[in-house]
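This report concerns only the one structure given below.
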Amino acid sequence: MSVTEQGLLERDKDTMTLNMGPQHPSTHGVFRVILEMDGEVVKTAEPEIGYLHTGIEKTCENKRYVHVIPITDRLDYLNPPGNNLAFCLSTEKLLDIEIPERAQALRVIMCELSRIASHLVWLGTHALDIGAMTVFLYCWREREMILDLNEEISGVRMMTSYIRVGGVAKDATRPWLDGIRDFIDYFPAKVDEYEKLLTKNPIWVDRTEGVGVFTREEAINWSLSGPALRASGVNWDIRKSKPYSGYDNYNFDVPVLKNGDIYDRYRVRVEEMRQSRIIIKQAMEKLPGGDFKTPDNKVSLPPRETLHTSMEALIHHFKLVSEGISVPKGETYVPIEGARGEVGFYIVSDGTNVPYRVKLRAPSFMAIPGMCKMMEGCYIADVVGIIGSIDIVMGEVDR
Amino acid sequence: MAEYFYISLFAVVALVVVGALLALSTVLGPRNPSPQKMLPYECGIIPTEEAKGRYPVRFATIAMLFIIFDVEVVFMYPWAVALGELGLFGLVEMAIFIIILGIAYVYIWGRGGLEWD
Amino acid sequence: MGLIEDAAETFEAEVNNLRLNVKDTIEALDHEYAGSLYDTVLTTRLGKVVGWAQKNALWPATFGLACCAIEMMAMANSRWDAARFGAEVFRASPRQADLMIVSGRVSQKMAPILKQIFDQMPEPKWVISMGACASCGGVFNNYSIVQGVDRVVPVDVYVPGCPPGPEALLYGVIKLQEKIMAEAGTDKAKKRVA
Amino acid sequence: MTSEEIVEKLKASFPDDIQDTALPQGDAVIFVAPDRLQKVAGFLKDDPSLKFDYLSDVCGVDYLNEEREPRFEAVYNLHSIDHQHSIRIRVGIEEDNPSVPTVSEFWKGALYPEQELFDMFGIHVEGHPKNERLIMPKEWAGYPLRKDYPLTTETVTFSYNRDFKSDLVKSKPPTR
């Protein structure tokens, strides 16, 4: 429409630009998407990220391997043990050391607990965005139990830094193990409670079924990963295809559904919560004895009491504390299955005790273009549902 | 005339309370306009283009449909209160009223007036 | 001889302190009026009542940036329950909020937006800087993080921790309530609104 | 197929395009020149026995003070969903006006990490729709993840000691 005689404002496009900006209750962090709207229908959705860029990769290049572990906690802050495990696995692959059975089992328990906690935060905020207030309060009740377990074993609620290079920080304590057993018996009834609230709820089904559909080829081509990929019919779970840290001796099944809409992603994640509980149950029953970190003292600190007696322990202790681990030259990438998808650290080391380059493969970062492509053609109300169903975390998107 | 006393008293009290609240807050409330505060709220971004003057016609049709059926419900309230005295006559009257609007509703539904695109 | 110089130096620092304090008090006195009855009517007694009302209805604006936002959500939930202190209602738009909890690390790209949101909040408004990253940059001292939110907005309460537990944030809210009560009815409250 | 078979197959079918291959800790790694990348990538995606249809990650590395010759490097991690094996392509890029061809026509997921390559390292990606800032603010100068870019740490003025704070507060650096 050009400018008419009355000098009406020149309008070259009939769409309306709506800015779903960084400070928005349902963008799960500081994520901005500029929506070109034709009435209620989204024509194009152009994402804008970087509002939480913390320069973590630059900071990691100036810190020792041991100091990078608390930094990885703050990347994907809903699944901190997942990041720790990814970093430790890459470093241990470069160091080429063997992790004792007990440490691997403790790592699996910690990661599965944090996967449940992360899925609970996802379910709470996703349901809250679509309008179900009660699920938000229910989910946090269970999450508080997991956070208490974290506090029991590592002293911190969220950022546990429990998984260290060469094993774990502390051996499993009696109250922690009892707490997990109680949680295992307590949790299935709660998941059924969420399902009762949402799965057959006509409002929920209307808002999520057939919305934001991604076919199998699109999901693979746009590099989605994790539950979003498995909801589109792709059987790709790194715990099964590239087992790490002893995942191959637990039998659990991976939920894979077909039609790739928000409803299927919801059902995949709820089923994953149940499967994680089954993994923890098996890991608790078969918890092997032995030490909880590698006896090789070049990587992990020797036990305190040996310091008084043996000289080598003192030297190892001093060398580790003053200089830290020095990793041989090389580069490696070990993917693991985080709560949001494939997480992995590409580490380049130049033989010193400071990593030369640390790059996080963040599932949310890779999913954003696919998510915005999914929004085209949906209503404005579904944009909120789609962001919730892909479950992005801005900490790992902007790094 | 007497029976209108209570309803008018209720209306006056309502007006007084609302008026007082509004007046107090405008008089007592601090006024501190600053250029940024006057800008429309765009999730933290400085807005580049003003609000669009022209909206698609879909918004208007849906608003009208809502008004029609909302007024229908408003008529039901006094009817429900007075159903005792009206008896069968009131029931039949309201049934006819609802059927007429029902036909309109079915017609609109058939023509796809309720979907968005 | 070094002792005397040290003593002279500390003495001069003390004088410098006093001069700065005096400058502050003078500045506090001649604030410009909010241009309404709000100043003239609000004597100390009525100011206390207004302060009591403001204290018990602190509506936080959802400004969840990073990990601290998850703990802020935990504070609003049933176990830690900020509703006991009137801070449970999280308003999305800054127009209806009078408390901004900056929870998370503020990057250089986010700082102007934080300033814009803070300006769009009506007076009187308060800011809680939650977590080490918001208070002083935390573990991230690099090119991308604003080293402390007090460079962008005036902060009232700093809550330490990374992330601070919900109980620590609640303690921060309570401390802010005490500050509001202490400030109510004085010139500081009027200056905050002006 | 195991890593060795993958590497052998690729060396056989691309004798001149692949500069070098390596098997660090059992991973299949091939080194490719930038101009040959699209050819190798097309083969990797379409070959029925390899079928690398999932791009896991594109990541840039700056080997400034290492004695390696090409300073920059773009690393492509690929998985195959059906055969469940992986490969890593390392593409060495020259220092003066570094550029690499895009692979977004094979894997749409490469659009964002390649734009991050430009944003963080200044590696120009030919054929990429948007070679501009992704994460950093639009008017940011310099490429942060290069080795010669300083970490720019600042002294933090978080102290209640009044006179210490007074002069540092005055010299508070403005928000960029």
Side-chain angles (χ1 to χ4, degrees), chain C residues 6 8-25 27 102 105-119 129-162, chain D residues 59-65 71-72 98 111-123 130-176:
Chain C
D6 291 352
E9 208 179 277
T10 46
F11 175 70
E12 192 228 306
E14 277 316 311
V15 165
N16 184 10
N17 271 353
L18 282 176
R19 197 177 304 123
L20 282 165
N21 288 341
V22 162
K23 190 161 70 63
D24 262 1
T25 42
E27 214 175 71
V102 183
R105 40 198 189 239
V106 182
S107 70
Q108 299 289 359
K109 201 173 180 181
M110 195 63 189
I113 289 162
L114 181 83
K115 184 87 182 95
Q116 171 79 0
I117 294 284
F118 179 75
D119 290 344
S129 141
M130 173 184 183
C133 297
S135 307
C136 67
V139 281
F140 307 111
N141 194 344
N142 55 24
Y143 59 92
S144 165
I145 287 295
V146 173
Q147 300 301 314
V149 166
D150 46 17
R151 291 179 185 207
V152 182
V153 285
V155 174
D156 292 295
V157 173
Y158 296 91
V159 180
C162 181
Chain D
C59 131
V61 186
D62 173 9
Y63 289 101
L64 176 63
N65 33 36
R71 172 180 168 189
F72 292 106
L111 285 173
Y112 248 40
E114 278 174 350
Q115 194 174 350
E116 192 201 3
L117 268 186
F118 172 79
D119 186 1
M120 288 295 167
F121 289 91
I123 301 174
K130 278 197 297 194
N131 260 307
E132 62 195 16
R133 289 282 174 196
L134 174 70
I135 292 177
M136 300 309 292
K138 285 287 176 285
E139 66 292 341
W140 191 271
Y143 301 106
L145 276 182
R146 286 193 178 189
K147 281 295 176 184
D148 43 24
Y149 189 93
L151 186 58
T152 54
T153 52
E154 292 161 23
T155 56
V156 181
T157 62
F158 185 65
S159 122
Y160 277 98
N161 176 344
R162 187 156 188 80
D163 53 3
F164 169 70
K165 186 165 186 179
S166 59
D167 46 9
L168 270 180
V169 166
K170 275 194 287 297
S171 65
K172 205 184 272 184
T175 328
R176 274 187 286 272

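Reminder, nothing fancy here: chain letters follow the sequence lines and each chain counts from 1.
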| task | Could you tell me whether C:Glu9 atom CD has more than 12 heavy atoms of other residues or ligands within 6.0 Å of it? | result | no

| said: If I take atom OG1 from residue D:Thr153 and atom CG from residue C:Asn142, how far apart are they, to the nearest 0.5 angstrom? | reply: 9.0 Å

[X] versus [Y], closest heavy-atom pair with distance:
| X | Y | answer |
| --- | --- | --- |
| C:Tyr143 | D:Trp140 | O-CH2, 3.6 Å |
| C:Lys109 | D:Met136 | NZ-O, 3.8 Å |
| C:Asn141 | D:Leu151 | O-CG, 4.2 Å |

